[in-house]
Protein chains: 2
Amino acid sequence: MDSTLTETEQKILNAAKKVFVLKGMSGARMQEIANEAGINKSLLHYYFRTKEKLFDSVFQSALGEFFPKIRSYMLSDSSLEDKIKVFVTEYSKVLQENPFLPSFILGEVNRNPEHIISYFKQHVGSIKDKNIPAFHQATKELAEKGSSSGFDPRNLLLNMIGMILFPILARPVIKEVFFDGNNAEFEVFMKNRESHISEFIINSITKS
Amino acid sequence: MDSTLTETEQKILNAAKKVFVLKGMSGARMQEIANEAGINKSLLHYYFRTKEKLFDSVFQSALGEFFPKIRSYMLSDSSLEDKIKVFVTEYSKVLQENPFLPSFILGEVNRNPEHIISYFKQHVGSIKDKNIPAFHQATKELAEKGSSSGFDPRNLLLNMIGMILFPILARPVIKEVFFDGNNAEFEVFMKNRESHISEFIINSITKS
DNA sequence: GTCTATACACTGATAGAC
DNA sequence: GTCTATCAGTGTATAGAC
């Protein structure tokens, strides 16, 4: 992230993010991005040369919105229970503010795994080194207190993210199948679901 | 599904599925589908008129690979514990056989929610009527035996699917972040994870 | 830096011979 | 039903005036 960003560059990036996230790399049109940014199509090429380079910039910054946050939650030194509650709450908030971002990232990640790999080589070769040990330790502590199953803490992280993420990814399906398209009911359900997830996890972990 | 399908039609659908699932609607090229099917580009239009209609056929059949299976698992009259175990196992198998299908479906579902809605109007206005009550009953039974929290059974279903699905959706990321790209380690982890999920859920539900 | 005009490639779709 | 040839439309990218 260069902090030396023209106002125009910033407008382009915001517009590009909106369009790319909604339409995907191949579905997005340079013209639409230009319109959304309120500038001329040629300027996109002036600043970012090609569509692909523009996409890369957007994708990298989109990734940045998620992973660093995860890290900070994991590194705090509160109890595992609190850590779980905070993670569920905060991560849910981030996702609900950008409901289309996850499906965008996951989609393009599957199409183009090298992107994500290069991202981690660049930014966080750290999650394994930093987050997991912290998590592992907390899990062990708790496993000793209760007679809980001392499973791989990576499973715990995957469980949390999966439960939080899936309803957002599949929002249109779930709204339709479970609530006959009723938006209000769905929103209430999702709000209550946050505390359900925390309880569900803690319940399982502290099982005597 | 007409069972009156030409051999050529079937070849086209298979090829189209492969390409659409990998590249998405806008990323897929009619030429590539034709090549993959070993036929001429014009034949695609002869059989399916437009790209969009071809896509619809593929999408509908892709959806069909998931939801009916879910239903049958839910409708059996075994215990909730067994139901969970079977669901996790069978659903994991389906997903691992088609690792790219979920991200395809979820991506296009978010781009075009009307598709999924029309699908449910057509095929299963039933999940709510059939699966949920069956699930609800089983959950209640168990809640009475243990002193478990009598939460909304829809949460249980979302929890299961989320935990099963997420690592498959984010496979490249997780393989990289958790296993430094080591495929073998990842596969072992995923195999063990199946039973972990069942235990994790049952643990939480039967919490005393 | 910003705009207009345009080049160039590609893609979905159709017409028509066989 | 299957193929070849071709068209019209669209999209990225560049050249050049200001």
Side-chain angles (χ1 to χ4, degrees), chain A residues 1-62 100 104 107-108 111-112 114-115, chain B residues 1-62 100 104 107-108 111-112 114-115:
Chain A
M1 290 290 171
D2 254 352
S3 58
T4 59
L5 278 178
T6 319
E7 187 191 0
T8 310
E9 272 177 306
Q10 197 54 60
K11 275 197 294 184
I12 292 177
L13 281 175
N14 290 340
K17 179 188 166 187
K18 194 183 282 186
V19 177
F20 276 132
V21 164
L22 216 61
K23 308 278 180 78
M25 162 64 176
S26 50
R29 299 294 162 230
M30 295 297 266
Q31 183 62 59
E32 192 178 352
I33 295 174
N35 293 343
E36 184 73 35
I39 54 145
N40 192 280
K41 202 174 47 162
S42 302
L43 272 194
L44 300 181
H45 291 97
Y46 175 77
Y47 282 106
F48 295 90
R49 290 185 46 94
T50 70
K51 184 186 185 183
E52 206 177 357
K53 287 189 199 304
L54 176 56
F55 178 83
D56 280 359
S57 300
V58 171
F59 187 71
Q60 297 272 333
S61 101
F100 292 99
F104 165 69
E108 297 291 340
R111 264 183 204 80
N112 214 330
E114 310 81 43
H115 274 191
Chain B
M1 292 289 170
D2 254 353
S3 57
T4 59
L5 278 179
T6 320
E7 186 191 359
T8 309
E9 273 177 306
Q10 197 55 59
K11 275 196 294 185
I12 292 176
L13 282 174
N14 290 340
K17 179 187 166 188
K18 194 182 284 187
V19 177
F20 276 132
V21 164
L22 216 59
K23 308 276 180 78
M25 163 63 176
S26 51
R29 299 293 160 232
M30 295 296 267
Q31 183 61 59
E32 192 179 352
I33 295 174
N35 292 343
E36 184 72 36
I39 55 145
N40 192 280
K41 198 174 54 161
S42 301
L43 273 194
L44 300 180
H45 292 97
Y46 175 78
Y47 281 106
F48 295 91
R49 291 184 46 94
T50 69
K51 185 186 183 182
E52 206 176 357
K53 286 189 198 307
L54 176 55
F55 178 83
D56 281 357
S57 300
V58 171
F59 187 71
Q60 297 273 332
S61 101
F100 293 99
F104 166 69
E108 298 291 340
R111 265 184 205 74
N112 215 330
E114 308 82 43
H115 274 190

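Per chain, numbering begins at 1; letters A, B, ... match sequence-line order. All figures in this text were calculated on a predicted structure; none of them were measured in a lab.
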In whole angstroms, how far is the [atom2] atom of [N] from the [atom1] atom of [X]?
{"X": "B:K11", "N": "D:dG1", "atom1": "NZ", "atom2": "C1'", "value": "12 Å"}
{"X": "B:M30", "N": "D:dT10", "atom1": "CE", "atom2": "P", "value": "17 Å"}
{"X": "A:K51", "N": "D:dT10", "atom1": "NZ", "atom2": "P", "value": "15 Å"}
{"X": "B:Q31", "N": "C:dA13", "atom1": "CD", "atom2": "P", "value": "13 Å"}

Inset, instruction - Test B:I12 against B:T6 for side-chain contact (heavy atoms from CB on, under 4.5 Å), laying out the working first. - result: CA-CA 10 Å; B:I12 292 176; B:T6 320; over 6 Å; no

Inset, instruction - Look at the side-chain N and O atoms of A:T8 and state whether any lies under 4.0 Å from the OP1 or OP2 oxygen of C:dG1. - result: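 For A:T8, the contact criterion (side-chain N or O under 4.0 Å from OP1 or OP2 of C:dG1) is not met.
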
Inset, instruction - Return no unless some side-chain N or O of A:Y46 is found under 4.0 Å from OP1 or OP2 of D:dT14. - result: no

Inset, instruction - Assess whether atom NZ of B:K11 is packed by more than 12 heavy atoms of other residues, nucleotides or ligands within 6.0 Å. - result: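 More than 12 within 6.0 Å, yes.
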
Inset, instruction - Flag yes if more than 12 heavy atoms outside B:E52 fall under 6.0 Å of its CD atom; otherwise flag no. - result: no

Inset, instruction - Give a yes or no answer on whether the side chain of A:K51 reaches the backbone of A:M25 with a donor-acceptor pair at less than 3.5 Å. - result: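 It does hold such a pair.
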
Legend entry - Sequence-distant partners of B:K18, side-chain hydrogen bond (donor to acceptor under 3.5 Å, both in side chains), two or more places apart: B:E36

Inset, instruction - Kindly state whether the ring of A:F55 and the ring of A:F20 have centres lying under 6.0 angstrom apart. - result: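 Yes: the rings meet the under 6.0 Å criterion.
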
Legend entry - Presence of donor-acceptor pair under 3.5 Å, side chain of B:S42 and base of C:dT14: yes

Legend entry - Residues from residues 17-29 of chain A lying under 4.0 Å of DNA chain C - heavy atoms: none

Inset, instruction - Return the 5'-most residue of the pair B:L43, A:K41 with respect to DNA chain D, ranking by each residue's nearest nucleotide. - result: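 On the 5' side of the pair lies B:L43.
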
Inset, instruction - Answer with base, sugar-phosphate or nothing: what part of the nucleic acid does B:F48 contact at a heavy-atom distance below 4.0 Å? - result: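 Since no nucleic acid heavy atom lies under 4.0 Å of B:F48, the category is nothing.
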
